[in-house]
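See structure below.
Because the structure is predicted, anything quoted here is derived from the model rather than measured. Scope of the values below: all heavy atoms of this structure, side chains included, with no hydrogens, waters or symmetry mates.
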Amino acid sequence: MIEEEKAEEVSEETEGGLVEEEVDVEVQEPTDAQEAIEEVVEAQKEFFSNLAEDMDERVLTRISNDLLQDYKKDKESRGDWEKSYTSGLDLLGFKYDNESRPFQGASSVTHPLLAESVTQFQAQAYKELLPSDGPVRTQVVGEVTREKEQQAQRVKEFMNYMIMDQMEEYTPDFDQLLFYLPLAGSAFKKVYYDEVMKRAVAKFIPAEDLIVPYYATDLKDCERITHLVKMSENDILKKQRSGFYRDVEILPSRTEDSEVQEKYDSLEGVTPSGDKEYQFNVLEMHVDLDLEEYAIENADKNVKIPYIVTIDEGSQEVLSIYRNYAMNDPLFQRKEFFVHYKFLPGLGFYGFGLIHMIGGLSKTATAALRQLLDAGTLSNLPAGFKSRGMRIRDDDQPFQPGEFRDVDAPGGNIKDQFQILPFKEPSSVLFSLLGFVVQAGQRFAAITDNAIGNDAQNRAVGTTIALLERGSRVMSAIHKRCYYAMRQEFRLLSDVFGTYLPPIYPYAVYGGNRLIKLADFSPEIDVIPVADPN
């Protein structure tokens, strides 16, 4: 016994004559606080995990089949909206064709009424909603103190820094959104935290890539929102390797492009290459589900709760299923990711754009303009009949100014050998109608020029301002809708920052260093746009 106790205390090594003594290391038992922290971390890891990893393949197949069937119904229900939108895009006049009707070389010009209206709105809204110093300002909710004012200032500076400097996609995406918005009537923003870039993202989504059920009226009350994400194979493989998606076989979506995408390609003058068949469409569906209903046959239906289900359209495999509500939320309220920008409130979910409101006037103005130009062409270059016996040298060449050609007339006057068709000159009534149609469209779109500097009536300043305010009522109302949508977007961004930022985040700006705290993003600070809604 004595020798064994000594052996535990001393260990001798003969190599090199080195003698080592064993040191008893005291192992501390985990405290209650450490165990509680580990339990919380483990619970969070379980809550935010991909539920599809542990689900049976038969259950996932049933979920995929049901959701894909719902998606196809939702897409078919808005077919008329897509047709009216694509037909209205032709009124922009971006594509030039050689017309052969009513005659070869007829006018194919498009009146720029719609294009001018869209460009004017985009320029005004872009300047108003996205100033160079940043679009965000803050307000203190409740009693104003010095500490809250400093907190609001830190939030304002940080969000403007992120939007204008770090989120490089924000400015071009918002610029593109303001061009799509007056055309389609609806445009969307998706606000989320990107795991690859490790920061918040506010991505523009065109209306054709976000599909909702036909009975939906608002994003917040919609029980199924499908975001069609076009991804490359490499991007999907990256997410599979990181564990965000299941490691399953994916297939390219060989479905044909939608009518809207085909119209975009036609207007831009581009043609899909051979790589088109390798495009992968991923359906990210924000949907309410009862997973117990799929897991257990003939189970009683429980209340559906929010999930985010991602499906590869080509292989119809479920890539991921994530919970879409806050942890420990007894009400299971859905987390919002999308913001709906509306140009004019429509009769249903989608808004009305200038294509719907002045598309008829633009089409009428285009028809009138083409008729005036064709009448001028036919009047200046008349056509008709000539006697068969008439012979004109080089009759296949057009006449040049000051040119005379030889004519062999079988007899009689030359003028008796020709019969010119009675083409009239451009009609003054049609020209007046064109002016009326254009003015009506400009008044609706509020793009008429106010020549204040050349006002012959010398009105007072107050009268002039009142006339300007009265003439800009429609545009002011549209800007208020954009203001409301931007406010929702900034609040979602604030929630992302308040969730994923470290406790203290230092950053550098031109001229100095700044600091933001995670606790600064609290309900006491409201984030609103700089733009004036009035």
Side-chain angles (χ1 to χ4, degrees), residues 31-49 133-168 170 189-203 220 306 308 322-339 484-531:
T31 63
D32 294 339
Q34 290 176 340
E35 291 180 352
I37 293 175
E38 291 178 358
E39 290 179 359
V40 170
V41 173
E42 188 65 25
Q44 290 180 346
K45 184 178 180 181
E46 171 66 22
F47 183 82
F48 294 107
S49 63
D133 295 336
V136 179
R137 65 187 176 100
T138 53
Q139 283 184 340
V140 176
V141 179
E143 183 181 358
V144 179
T145 61
R146 182 178 180 182
E147 290 76 11
K148 288 185 178 180
E149 289 181 345
Q150 293 175 352
Q151 177 184 351
Q153 183 66 22
R154 290 195 298 269
V155 172
K156 172 186 174 182
E157 291 177 352
F158 176 75
M159 291 194 65
N160 285 324
Y161 158 77
M162 289 296 297
I163 290 175
M164 303 303 293
D165 189 27
Q166 296 300 307
M167 299 170 61
E168 298 178 354
Y170 190 91
K189 274 291 195 74
K190 183 181 181 182
V191 181
Y192 62 99
Y193 181 82
D194 191 278
E195 293 289 347
V196 177
M197 294 186 284
K198 301 299 180 183
R199 63 170 174 85
V201 173
K203 193 70 176 177
K220 293 183 178 180
I308 299 178
Y322 288 98
R323 295 179 177 93
N324 192 26
Y325 52 90
M327 192 174 179
N328 301 324
D329 181 7
L331 300 179
F332 301 103
Q333 294 183 351
R334 184 180 66 191
K335 291 183 179 180
E336 299 295 338
F337 292 88
F338 301 99
V339 179
Y484 171 76
M486 284 194 75
R487 187 172 184 175
Q488 290 182 312
E489 179 185 349
F490 292 159
R491 287 178 175 176
L492 292 180
L493 269 177
S494 178
D495 292 339
V496 173
F497 293 141
T499 303
Y500 293 96
L501 278 179
I504 298 178
Y505 182 78
Y507 62 98
V509 296
Y510 293 107
N513 297 323
R514 297 290 186 271
L515 187 72
I516 188 69
K517 302 177 182 178
L518 182 64
D520 288 339
F521 296 93
S522 61
E524 290 80 13
I525 305 301
D526 190 16
V527 184
I528 57 178
V530 171

In the structure I gave you, are the side-chain heavy atoms of [X] and [Y] within less than 4.5 Å of one another anywhere?
X      : Y      : answer
Glu168 : Met197 : no
Ile308 : Phe337 : yes
Gln153 : Glu149 : no
Leu493 : Val527 : no
Met159 : Phe497 : yes

Within this structure, what is the [atom1]-[atom2] distance for the pair [X] and [Y], rounded to the nearest 0.5 Å?
X      : Y      : atom1 : atom2 : value
Tyr193 : Leu501 : OH    : CG    : 8.5 Å
Tyr325 : Phe332 : OH    : CZ    : 5.5 Å
Asn324 : Gln333 : CG    : CD    : 11.5 Å
Lys190 : Lys203 : NZ    : NZ    : 10.5 Å
Leu515 : Phe158 : CG    : CZ    : 10.5 Å
Thr499 : Leu518 : OG1   : CG    : 8.0 Å

Looking at Tyr500, I'd like to know if the NZ or CZ of Lys198 sits under 6.0 Å from its six-membered ring centre while staying within 45 degrees of the ring's axis.
no
[X] side chain to [Y] main-chain N or O, any donor-acceptor pair under 3.5 Å?
X      : Y      : result
Arg137 : Pro529 : yes
Asp526 : Gln139 : no
Ser49  : Glu46  : yes
Arg323 : Phe47  : yes
Asn160 : Lys156 : yes

Contact summary for [X] and [Y], nearest pair of heavy atoms:
X      : Y      : answer
Leu492 : Phe338 : CD1-O, 4.3 Å
Ala485 : Val339 : O-CG1, 3.2 Å
Glu489 : Lys189 : OE2-NZ, 2.9 Å
Gly134 : Met164 : CA-CG, 3.8 Å
Tyr170 : Ile163 : CD2-CG2, 3.4 Å
Glu157 : Tyr507 : C-OH, 3.8 Å

In chain order, what residues pass the side-chain contact (heavy atoms from CB on, under 4.5 Å) check against Gln151, with sequence neighbours excluded?
Arg154, Asp520, Ser522, Ile525
How about Tyr484: does its OH atom have over 12 heavy atoms from other parts shown lying under 6.0 Å from it?
no
So does Glu524 pair up with Lys148, basic N to acidic O under 4.0 Å?
no
